[in-house]
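Okay, so here's the structure we're looking at.
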Amino acid sequence: MIEWLFDGLLAIGLLWLGWRTVVSAELFKAIVMFIVLGLFMALCWARLAAPDVALAEAAIGAGLIGALLLDAYRALVAERWQADDRNAKPLVAASLAILSSVLIGGLAWALLFSPEPVVDLNAQARARLADSGVGNPVTAVLLNFRGYDTLLEVGVLFLAWLGLWTVGEQESNSAATGAWVEDSDLLTALVRLLAPLGVLIGVYLLWAGANEPGGAFQAGTVLAAVGVLLRLSGRLRPELSPDLWVRFGVTVGLLVFSAIAVGVIPVGGNLLEYPGDWAGLLIVVIETSLMVSIALILTLLFIGSAGLRRGGS
Amino acid sequence: MSFTAAAAVVPVLLPLLVAPLMLLLGQRSRAALLIITVIGIGWALLILNGQVLELGPQRYAVGGWGAPLGIDLYADGLAMLMLWLTWGVGSLVSGYALVYFAHGEAKAERFWPIWLLLWMSLNALFLAADIFNLYVTLELLTLAAVPLAALTGETEALRASMRYLLFALLGSFCYMLGVALLYGGFGTLDIMQLGWLVTPGPLAWVALALITLGLLIKAAIFPFHVWLPPAHANAPTPVSALLSALVVKGALYLLVRIWFQVFPNAGTLVAGQLLGLLGAMAILYGSWQALRQVRLKLLVAYSTVAQLGYFLLVFPLANATGWGGAILQLLSHGFAKAALFLAAGNVLHALGHDRIAQLHGVGMQLPITVFTFALAGIGIMSMPPSGGFLAKWLLLRAALESGQWWWAIVLLCGGLLAATYVFRVLGYALLAPAEQQLPKVVKPALTLELIPLLLALISVAIGFVGMPYLTLLDIGSPFSGQQP
Amino acid sequence: MNQPLFFAWVGAALFGIGLYGLLVHGHLMRKIVALNVMGNGVFLVFIALARRDPLVTDPIPHAMVLTGLVISVSATAFALVLLKRLARQAQAQESSEHDS
Amino acid sequence: MFPDWLAWVLLSDLFPWLLITLGAVFFLAGTAGLVRFPDLFSRLHALTKADNLGLGLICLGLAWHNKSPSVALKLLLIWLLVLLASAVSCHLIARYALHSDSKVWKQRHD
């Protein structure tokens, strides 16, 4: 009973936040609602026994996307952008609402009559877990069973950085004219304390990921949080045009992962088929290099941010 | 196991490795890396092609686990044809781009890694046999295509790319929700296993509807075409060619994979006619819009909207003939459209504008380019002898044989409209200029004129390779064994 | 009714709400936020279905959602960068047109 | 020295729930302050003060309930981190507001 109460409250919270995100009259409110929605999602993942996802969601979904959205919001306000924000007319909006409701109804109907799966992939994954080289089933799926997906996904991250480099600008908006908040003792103290602690937690998550919730993505995101903190407080000011070190950093994960993926072909037989006892070690090497690239790329996403500045202009 | 068996992974892994190297090693090694990529992929495709011809469809278990736990790659005749198309158009356009970007290092430095990843994602998409892996390749494709479309940095291009990105992401999420439903209901992600396991029911129908919707959005099929013309027309010339010739084909390819392999029994009369109707609307509306355009590149882009519509006729005309015609349409349109966009780009570069009504005298100044435009136009307006003609002739035959004469009318109208817009451009271009005054032009480099010509020649030549094409297509086809 | 189905329904509803937001708003940033709501809905359906067996959760949807999360943050970040650039450039263009 | 009833309360299963409930009350108060208080500075005051205390009580209650030193240590760490983060972010927001001349509410005497 108490469980249903909790689930019910969680569901109502999710739906209400989702709804407010979509219908709030002001953009700023919508963004805040979305960030809170992210936190509720993390809670929901924890409730549904998905700690790996909860960790990633709290760091990425709520934290990083939230910061990115607020940053973009600030840039738009600073530019006084006359956005094309004509919303649909009431009649159109009503028909769209009906359309969406029909879609939700159809989905609910489909889910209600979902057949019982014949193939039990869960059991198969658990049965082969011992051969995967790691003890955390999610890590096993990500880096071994479905490692090919992850390899391509690292390509997506690399592309996000390339896209940023193509269309991004450095501290472009008018908000970037104010002075940096550098003289705050409290902020300095926070950075001094959090930066090493963040690095410690990141490395711990990487190391723990083999057998417990965690892994390269969670670790990379925590490191990126440190990077973003340094970036937003003006202590780290990377250039948009990357020097050789940055180029190396953003590609090292992809290079190491694909080199190992190909390198094991003569020994293991297939792409990404880690030979025997080497699986665990190779996965650690891959995850470490992935962590570096992920942390760097996620930090660089804030390259065009105005950062923490005094309220000028 | 030897590397010959690993031929299937080269088209994916080679560009994936070369892309970061391009970024690290810089300008000097660019041409060398490019040549390695082109030759490496071509060589791997030759081996793979041999295996497919000899042994039938090939499966490759990444990681050695095998589906459903692992991810399999799968190559049949259709996949081979798409891979060859990508290789052919990709290599030639790469050559064009080497010259095109020679005087703009800032753009070139960004173009090359992104384009290689785009190539990689196309190859990965054509080889994928796992519906979630396909989602990842679709996202790769989007996140590579959009920055390329925005490469010029002009406001119009940025606005078009933004719209493109939003549409593509909407399509992705629809597709991914369909994948979630299928996994929830049937417990596997492998296309072939799903084909055996999927049972009709609410879950399967809703999943198919979501996946189809997502892919139609990504393939810019009418009425979801609105993002395509501005995005394709405002991109740099080589990018326009790649986007129109290859990128939209990814989603269409996936559409037939899902419909004919995951839901082999879904091709009911109603669903097929409905998709065919969308195709017909795309043909008529796209051609009509192309006719009304003022700018050459937009005309070519609207022509893409129309030409993609022909492919959807494979759903009502689902038999060996229709299948052969529809796939051939993808191939010949790929080459012809790349040629058209490159030729249009040459005109734009030479004149500084691409307003159709002011093309007088271009035919005298840029004879090769205008000839290329005409040659590629033959396929677009489906006149013999060309791949485009053969494709539409097969579709026409399929329509008449199955008694669905209404598609034949659409085909004929589409061809007529296409002929009108192609001749409209040629008419202006070949017209003698007023007052005997030739327009001032910046002549493009010879390579920039020859490469589109080569592409146009290939699009015509495809009309003559009927038998080898049909042999390859038959391998692993849902209509395998039937006489087209 | 059981817990997985319940949360899968919530996920479906979030997807629909996000779709409504995407279509009804003209502002590009509202659209980006709405797309992310849709994404959360899809992820919730995945994770809910992984709970079919209440004793051992299925790790495969978890891995797929992690992949999806990273992809969606990449796409969102790129979309926002594009939006910022577009906003600045369009605004600059507009004001210069007003001046002349 | 130690009254029996106090020992009984501390050892009973009820005590951690008491702490958690008390913590929740503080959260509620903080939220009420956030919604009802007239200006940014008093809102920040209500939010950070009351919520930090509330979280501390909840952490204490959970640690008590769990009876494991390592869990207690983790909870303590969480509380300290939140204290630190909320102190700094409150400070930054207040400073930003001060610099951009946010209105300070004053009691009107009339």
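For clarity, every value in this text was computed on a predicted model and none was experimentally measured. Here is the naming used below: chain letters follow the sequence lines, and residue numbers restart at 1 for every chain.
Contact detail for Ala160(A) and Ser74(C): the closest heavy-atom pair is CB-CB, 3.6 Å. Contact between Val141(A) and Ala63(C) at its shortest, heavy atoms only, is CG1-CB, 3.4 Å. Closest approach of Val65(C) to Val53(A), counting heavy atoms only: CG1-CG1, 3.7 Å. In terms of heavy-atom proximity, Ala25(A) sits nearest to Arg30(C) at O-NH1, 3.8 Å. Annotation for Asn40(C) and Met41(A): closest pair O-CE, 3.6 Å, computed over non-hydrogen atoms.
If you measure heavy-atom distances from Thr67(C) to chain A, the contacts under 4.5 Å come from both the backbone and the side chain. For chain C, the nearby parts of Tyr73(A) are the backbone and the side chain; heavy atoms of each come within less than 4.5 Å. Heavy atoms closer than 4.5 Å to chain C are found in the side chain of Ser114(A), but not in its backbone. For Leu44(C), the parts lying near chain A are the backbone and the side chain together; criterion is any non-hydrogen pair under 4.5 Å. Residue Leu10(A) touches chain C through its side chain alone, counting heavy-atom pairs closer than 4.5 Å. For Phe7(C), the part lying under 4.5 angstrom from a heavy atom of chain A is the side chain only. When heavy atoms are compared at a cutoff of 4.5 Å, Leu103(A) approaches chain C solely by way of its side chain, counted from C-beta outward. In this structure, chain A has no heavy atom under 4.5 Å from any part of Ala92(C). Interface remark: Val10(C) contributes backbone and side-chain atoms alike to the contact with chain A (heavy atom separation under 4.5 Å). Contact of Glu3(A) with chain C is not made at all, since no heavy-atom distance falls under 4.5 Å. Heavy atoms closer than 4.5 Å to chain C are found in the side chain of Ile31(A), but not in its backbone. For chain C, the nearby part of Leu64(A) is the side chain; its heavy atoms alone come within less than 4.5 Å. When heavy atoms are compared at a cutoff of 4.5 Å, Arg85(C) approaches chain A by way of both its backbone and its side chain. Only the side chain of Leu37(A) has a heavy atom closer than 4.5 Å to any heavy atom of chain C. With a 4.5 angstrom heavy-atom cutoff, Ala125(A) touches chain C only via side-chain atoms. Heavy atoms closer than 4.5 Å to chain C are found nowhere in Gln124(A), neither backbone nor side chain.
Counting only distance, with no hydrogens or angles, the side chain of Asp7(A) and the backbone of Gln3(C) share no donor-acceptor pair below 3.5 Å. In terms of modelled atom types and a separation under 3.5 Å, the side chain of Arg51(C) and the main chain of Ala49(A) share no donor-acceptor contact. Formation of a donor-acceptor pair under 3.5 Å by the His25(C) side chain with backbone atoms of Val22(A) is found in this model.
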**Report entry** Stepwise ring-ring contact (aromatic ring centres under 6.0 Å, His included) test for Trp4(A) and Phe6(C)
**Finding:** CA-CA 10 Å; Trp4(A) 272 112; Phe6(C) 178 68; 5.4 Å; yes

Query raised in the report: Stepwise, does the side chain to side chain contact (heavy atoms under 4.5 Å, CB included) test hold for Leu15(A) with Ile17(C)?
Result: CA-CA 8 Å; Leu15(A) 292 176; Ile17(C) 290 173; 4.3 Å; yes

Report task. Under the side chain to side chain contact (heavy atoms under 4.5 Å, CB included) rule, what do Leu157(A) and Val70(C) come out as? Steps first, then yes or no, please. Result -> CA-CA 8 Å; Leu157(A) 258 172; Val70(C) 174; 3.9 Å; yes

Report task. Please assess Phe34(A) against Ile32(C) for the test side chain to side chain contact (heavy atoms under 4.5 Å, CB included), listing each intermediate value before the final yes or no. Result -> CA-CA 11 Å; Phe34(A) 178 74; Ile32(C) 296 172; over 6 Å; no

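By the 30° and 60° cut-offs, the orientation of the rings of Trp19(A) relative to Tyr20(C) is parallel.
Counting heavy atoms from C-beta on, the side chains of Phe78(C) and Val167(A) come closer than 4.5 Å. The shortest side-chain heavy-atom distance between Leu76(A) and Leu83(C) falls under the 4.5 Å cut-off. Between Met29(C) and Leu69(A), some side-chain heavy-atom pair lies under the 4.5 Å cut-off. Residues Phe15(C) and Ile104(A) form no side-chain contact, since every pair of their non-hydrogen atoms from C-beta on lies 4.5 Å or further apart. Side-chain contact between Pro59(C) and Arg146(A) is absent, with no heavy atoms from C-beta onward closer than 4.5 Å. Val56(C) places a side-chain heavy atom less than 4.5 Å from the side chain of Asn122(A). A heavy-atom distance below 4.5 Å is found between the side chains of Phe43(C) and Trp45(A).
No other option in Leu82(C), Leu14(C), Asp58(C), Val73(C) has as many heavy-atom pairs under 4.5 Å with chain A as Asp58(C). For the set Leu111(A), Leu301(A), Leu68(A), Asp149(A), the count of heavy-atom pairs under 4.5 angstrom toward chain C peaks at Leu111(A). The most heavy-atom pairs under 4.5 Å with chain A, out of Leu49(C), Ile71(C), Asp53(C), come from Ile71(C). Between chain A and the residues Gly39(C), Gly11(C), Ala13(C), the largest count of heavy-atom pairs under 4.5 Å involves Ala13(C). Note on Leu19(C), Thr57(C), Val37(C): by heavy-atom pairs under 4.5 Å with chain A, the leading option is Thr57(C). Of the listed residues (Gly8(A), Gly38(A), Ala97(A), Gly168(A)), the greatest number of heavy-atom pairs within a distance under 4.5 Å of chain C belongs to Ala97(A). Heavy-atom pairs under 4.5 Å with chain A peak, among Val45(C), Leu23(C), Thr76(C), at Leu23(C). Ranked by non-hydrogen atom pairs under 4.5 Å with chain C, the options Leu99(A), Thr221(A), Leu112(A), Ile297(A) are led by Leu112(A). Interface summary for chain A: among Ala8(C), Ala48(C), Ala75(C), the most heavy-atom pairs under 4.5 angstrom belong to Ala8(C).
Among Ile60(A), Val138(A), Leu55(A), the one residue that satisfies the side-chain contact (heavy atoms from CB on, under 4.5 Å) test with Leu66(C) is Val138(A).
Other residues, nucleotides and ligands contribute more than 12 heavy atoms inside 6.0 Å of the CG atom of Leu9(A).
Within the model, atoms CD1 of Ile60(C) and CG of Leu121(A) stand 3.5 Å from one another, a figure rounded to the nearest 0.5 Å. For the atom pair CG (Leu164(A)) and CG (Leu80(C)), the distance works out to 11.0 Å, reported to the nearest 0.5 Å.
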